[in-house]
Amino acid sequence: MRQVKSMKDTIWKRHSLAVSTEYTQANFTWVLSLVLTVIFLWNSISFKTGDVHPVVFGLFCVWAVTTVFQVCITRKMKKDLLQTGVIQPGTRHLGYVQLVGLLAGNIFAGAFAFNLVNAKKSVEYTFAVYTLLTQLAVLAISSVNLFKPYVSDTFLPSMGTLLLIGLFYLVVLILIVLHVHEYEAPRWMTWVALLLLATAVSGNLFALLLGWSLLMKTRSSDHSRMLKWNVTWEKITRNSTAMLGMFFILLMLAISITSRFTFDYALAVENNYSAILQPPSAAYPFGTDNFGRDVFSRIVFGARISLLVGLAATIVPGVIGGFLGAIAGYYSNHVDNWIMRLLDILYSIPGILLAIAIIAAFGANTVNLIIALSVGAIPTYARTMRANVLMVSNYDFVDSAKALGESDFAILFKQVVPNSLAPMIVKSTLTIGGAVIATSSLSYLGLGVEPHIPEWGNILKVGSSYLETNSYLAIFPGLAIILLVLSFNFLGDGLRDALDPKLD
Amino acid sequence: MSHKAASFFGHSFRKASGRTAYQVLLLLAGLPLHLFTYFSYIRNGRDRQYTSMLNSVQSGLADRGQKEKWLEEYKDQLERKQKFFRENVSPADIHREAEKLADEKLSAESKRISEMRLEQTGQKKETYFSYFQSLLQKPAFLVVSFIPGFFMYVLLFLMSNPFILYIAERLVQSVGVIIGVAVLVFTILYISPFDPATNILGESATQEQISNFNRLHGLDLSYWQQLWNALKGIATFDLGSSFAGNEDVAASISNKFPVTLTIALFSVIMAIVIAIPVGILSATRPNSFLDYSFMFIALIGLSIPNFWQGLIFILGFSIHLNWLPATYSPGHALSLIMPVVVLGTALTASIARMMRSSLLEIINEDYIITARAKGLSYAQTLWRHAIGNAMIPVVTVIGLLFGGMLGGAAVTEKVFNIRGIGSYIVDKQFIPDIPAIMGGVVYIAITISLVNLLIDILYALLDPRIRSKIDHS
């Protein structure tokens with residue numbers, strides 16, 4: 001009898017190890033930290049001369065320490081889970097030490113530590129943590145300008161504002177830990193929420209999410225709506241890769257808005273013949289190109305274009321394709337056949353080729369690029385929407401709307417379409433990455449954004465001609481593209497897991 | 001024998017005449033025969049009986065005041081509905097609406113009654129098609145009409161086989177899509193605000209030179225004439241000469257196409273060889289460290305832009321290590337490696353992800369549990385029941401992605417300096433060289449359509465589910 005009980009106990013503990021999302025995140029964090037540590041080590045030593053690069057080597061040492069500490073925490077968590085089935089408070093307190101890793105820029109360890117120290121996490125807590133992290137990252141990236149020979153006039157006031165906002169976020173985080181519970185928040189939090197919504201203007205969309213979520217909890221008594229919101233976001237926030245992706249995308253967004261005030265556009269576009277093809281240094285973190293332009297500033301300003309074109313080339317075909325697909329799926333066979341056969345024509349031309357043909361006809365500039373990429377993407381969205389509308393229009397609530405005498409058009413756009421949006425959101429998140437790649441590819445071919453605008457593909461095009469001598473010119477913009485696309489793919493995968501009803 | 005044939009054709013005819021497009025085709029194929037039989041159909045005039053029956057029934061119904069009764073009923077219904085929804089509708093509107101509904105009911109009802117009566121007396125309402133079908137059932141008619149209606153019989157024979165019908169439908173669809181592609185691309189290039197003549201001859205060209213150039217390349221013709229010439233050119237592999245350099249477009253395309261196709265083909269092979277085992281390994285150990293690492297690498301593979309990967313490969317393997325040549329040269333096998341890997345990376349990643357999710361879905365199906373319950377080992381269920389079925393959506397995806405790969409080849413070709421069709425189109429787009437761009441894009445679209453057509457037909461032959469769906473349609 002006792003044996004059976006202890007066996008059950010062991011199984012339960014093993015199970016708690018397997019389902020613990022914190023333990024999964026701990027593993028994920030140390031693996032990623034280790035990979036980056038190795039990359040730092042690799043780059044700190046020059047193999048030809050045997051010299052050691054002091055800054056990079058220092059980075060490697062700090063990262064190595066955080067990685068080792070992370071491994072220790074992970075092992076302790078495993079022990080806790082196997083022995084007692086829960087993570088002990090002592091282990092959780094180690095998270096406060098790991099928070100120091102943020103100083104070295106180890107964002108993975110920082111996010112993990114915030115996650116670890118709080119045992120009962122509300123959705124708001126996660127949002128507040130990422131709001132703060134985003135603000136810190138924006139500040140860190142902007143403060144690179146301090147090493148420049150000169151900064152823009154708006155640099156100091158805007159940095160001050162950003163710092164104040166960052167402090168405010170820290171206060172909000174503490175308030176949330178103290179006062180906010182799963183389904184309720186004190187009434188006075190409304191003002192905090194409104195302030196958060198106001199600060200979201202600086203591009204930190206996590207603040208927008210947090211403000212909205214708080215506002216809902218303080219004002220609304222609709223329990224089912226809150227439950228739905230909580231369940232959806234809990235699924236996403238549990239997924240550390242999805243959150244990492246979302247963090248990077250929103251960071252890029254915040255940077256592209258704040259860079260207007262904290263970065264000097266002249267450094268990115270104006271020629272400076274006294275600083276041609278400089279290797280990476282404190283003043284020029286990613287070096288300078290053949291016209292003496294600062295590659296770091298160029299990449300920061302390039303994020304704007306990539307996000308803009310990527311989003312536009314997703315929203316435009318999403319709306320057009322979604323509309324056509326909805327009509328094809330809801331109305332008669334004839335309409336369906338006509339629309340889908342016509343879209344088949346578009347579908348059979350590879351997107352890049354169609355874009356090249358359209359740009360050949362109308363010239364290379366940003367607007368034409370968006371149009372060219374949009375046209376080719378319409379059929380994909382139309383197919384997704386059509387399949388969902390076909391499914392949703394068989395549901396009972398559509399029948400009851402019909403029985404109440406609603407017109408077909410109203411049923412389609414008030415009942416059917418809102419209920420078939422989830423797969424469209426997933427699909428578009430996954431295809432934004434493709435649009436970003438297509439944008440930079442076309443720019444690389446000279447068919448995309450105008451060559452004088454700092455865009456990642458354009459920067460790479462310049463870099464490709466200095467591959468032998470100044471390879472960093474081609475490496476850094478490429479890394480930026482990969483990170484952004486990877487983030488969209490991570491987020492898309494996470495959204496699919498959270499929104500796809502098939503998995504429930 | 002002839003009885004069998006007659007009932008065979010009759011059956012096939014009945015099935016085919018359900019769809020308007022097939023009716024038209026059958027009428028066209030057997031036109032001389034149909035002229036003759038239609039004449040006899042009119043002469044026979046058994047249909048007139050139906051019309052008179054219909055009239056008598058209708059007047060009978062009207063005499064009995066049936067229509068007024070329906071009218072009252074509908075009025076009552078409409079008024080209740082209006083009360084329920086609290087709508088404001090004038091009585092005149094209601095009356096009109098009710099009148100309409102009553103009229104519809106009257107005609108529908110009289111049709112139903114007269115058809116029922118005809119059936120009771122052993123006659124059917126006769127259309128031309130049912131008349132023709134009854135003729136087809138007679139062996140004598142078959143023998144007499146075999147020569148004039150030969151084409152129609154061939155068509156009927158083909159239509160009787162659901163596979164041939166399916167393949168024919170897919171073929172017609174592909175041809176339609178290809179024509180659509182050609183029209184679309186031509187129209188896009190036609191409405192371009194650029195003028196190739198001034199681009200090639202320079203700003204200083206005289207009006208006469210420009211009009212000469214336009215006449216030479218047929219640019220002075222109307223839109224429809226140019227479109228017709230372009231379509232004809234694509235069908236006959238004669239696209240004329242390119243605007244710049246005056247080279248034969250079809251010949252240059254046929255020179256460059258094999259290069260692109262070879263690289264693409266090797267990439268697909270590489271992708272399949274790597275991705276399928278990776279997908280199977282991941283799916284059989286879900287959420288393990290191996291699975292996470294494979295899927296992480298696959299996601300990175302999906303996120304790398306082709307041209308950047310190409311540049312990094314050149315930097316690493318050509319400049320630093322000096323293992324592989326940086327540019328492609330025909331006949332040099334080593335120079336093929338980097339382009340193939342670069343072009344195939346995204347495909348490999350997609351297939352591996354697809355294979356994993358598809359296999360995971362199938363492993364959790366009931367029939368796999370049944371197979372396990374019956375005593376098959378894990379490996380047996382996996383290899384005999386799961387993997388084959390999991391491959392079905394994967395092959396479709398390979399077909400679809402192959403198209404994207406041919407399109408994306410332009411970037412890879414530019415990086416490695418390969419003279420393929422993709423870089424040809426990119427080089428020609430600055431002018432814009434209409435025949436060259438159009439030929440390149442349309443022939444790529446044709447290749448993609450053919451590949452997808454082939455895959456669909458293979459499915460029709462191999463997948464029992466699709467087979468039964470075709471049989472029952």
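Lettering of chains follows the sequences in order, A, B, ..., and the numbering in each one begins at 1.
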Report yes if the side chains of A:S441 and B:N306 come closer than 4.5 Å at any heavy-atom pair, otherwise no.
no
On a heavy-atom basis, the closest approach of B:K414 and A:L445 is CG-CD2, 3.4 Å
With a 4.5 angstrom heavy-atom cut-off, could you sort out which part of B:F85 is near chain A: side chain, backbone, both or neither?
side chain
So for atom CZ, which belongs to B:R170, do other residues, nucleotides or ligands contribute more than 12 heavy atoms lying within a distance under 6.0 Å?
yes
Could you look at B:Q309 and say if it's the side chain, the backbone, both or neither that has a heavy atom under 4.5 Å from chain A?
neither
Quick one: pull up OG in A:S348 and CD1 in B:I178 and give me the separation to the nearest 0.5 Å.
8.0 Å
So for B:I437, is it side chain, backbone, both, or neither that comes closer than 4.5 Å to the heavy atoms of chain A?
side chain
Looking at A:R75, I want to see if its CZ is surrounded by more than 12 non-hydrogen atoms of other residues, nucleotides or ligands under 6.0 Å.
no
Starting at CH2 of B:W308, measure out to CD1 of A:I482 and round the result to the nearest 0.5 Å.
4.0 Å
Mark yes when over 12 heavy atoms from residues, nucleotides or ligands other than A:K427 sit less than 6.0 Å from its NZ; otherwise mark no.
no
Please state whether the side chain, the backbone, both or neither of B:V181 comes within less than 4.5 Å of a heavy atom of chain A.
both
Looking only at heavy atoms, what is the nearest atom pair of A:P350 and B:G407, with distance?
CB-CA, 3.7 Å
Give a yes or no on this: more than 12 heavy atoms of other residues, nucleotides or ligands lie within 6.0 Å of atom CG of A:N333.
no
Taking the side chain as C-beta and beyond, is there a heavy-atom pair between B:L184 and A:I349 under 4.5 Å?
yes
Proximity breakdown for A:L442 and chain B, heavy-atom pairs closer than 4.5 Å:
neither
Is there a side-chain contact between B:Y292 and A:V31, using heavy atoms and a 4.5 Å cut-off?
no
Structural part of A:I345 lying under 4.5 Å from a heavy atom of chain B:
both
Is the shortest side-chain heavy-atom distance between B:V177 and A:Y347 below 4.5 Å?
no
Residue pair A:A357 / B:L189: nearest heavy atoms and the distance that separates them:
O-CD2, 4.1 Å
Proximal component of B:I304, with respect to chain A [non-hydrogen, under 4.5 Å]
both
So which of A:A360, A:S471, A:S464 has the largest heavy-atom pair count under 4.5 angstrom toward chain B?
A:A360
Value rounded to 0.5 Å, distance of CG in A:L486 from CD1 in B:I300:
5.5 Å
Interface moiety of B:I312 toward chain A, non-hydrogen atoms closer than 4.5 Å
side chain
Checking side chain to side chain contact (heavy atoms under 4.5 Å, CB included) for the pair A:S440/B:F307: CA distance, chi angles, key distance, verdict?
CA-CA 9 Å; A:S440 53; B:F307 62 103; 3.8 Å; yes
What distance do B:S318 atom OG and A:E468 atom CD have between them, rounded to the nearest 0.5 Å?
9.5 Å
Just to be sure I understand the criterion: a residue of residues 371-380 of chain A counts if one of its heavy atoms is under 4.5 Å from a heavy atom of chain B. Which ones qualify?
none
So which of B:S303, B:P193, B:S449 has the largest heavy-atom pair count under 4.5 angstrom toward chain A?
B:S303
For a side chain to side chain contact (heavy atoms under 4.5 Å, CB included) check, start with the C-alpha distance between A:F362 and B:I188, then their side-chain angles and the critical distance, and finish with the verdict.
CA-CA 9 Å; A:F362 300 105; B:I188 289 173; 4.1 Å; yes
For the residue pair B:F296 and A:L32, establish whether any side-chain heavy-atom pair is separated by less than 4.5 Å.
yes
Looking at CG of B:L311 and CG of A:L460, how far apart are the two atoms once the value is rounded to the nearest 0.5 Å?
6.5 Å
Can you check side chain to side chain contact (heavy atoms under 4.5 Å, CB included) on B:L299 and A:D493, steps first, answer last?
CA-CA 10 Å; B:L299 210 56; A:D493 275 359; 4.0 Å; yes
Heavy atoms only, distances under 4.5 angstrom: which of A:L483, A:L346, A:L404 has the most pairs with chain B? Name it, please.
A:L404
Under a 4.5 Å heavy-atom cut-off, does chain A meet the side chain of B:F84, its backbone, both or neither?
neither
Within this structure, what is the CD1-CG distance for the pair A:I475 and B:L315, rounded to the nearest 0.5 Å?
5.5 Å
Using heavy-atom distances under 4.5 Å, tell me whether B:I448 contacts chain A through its side chain, its backbone, both, or neither.
side chain
Identify the two heavy atoms, one from B:A410 and one from A:I356, that lie closest to each other, and give their separation to 0.1 Å.
CB-CD1, 4.3 Å
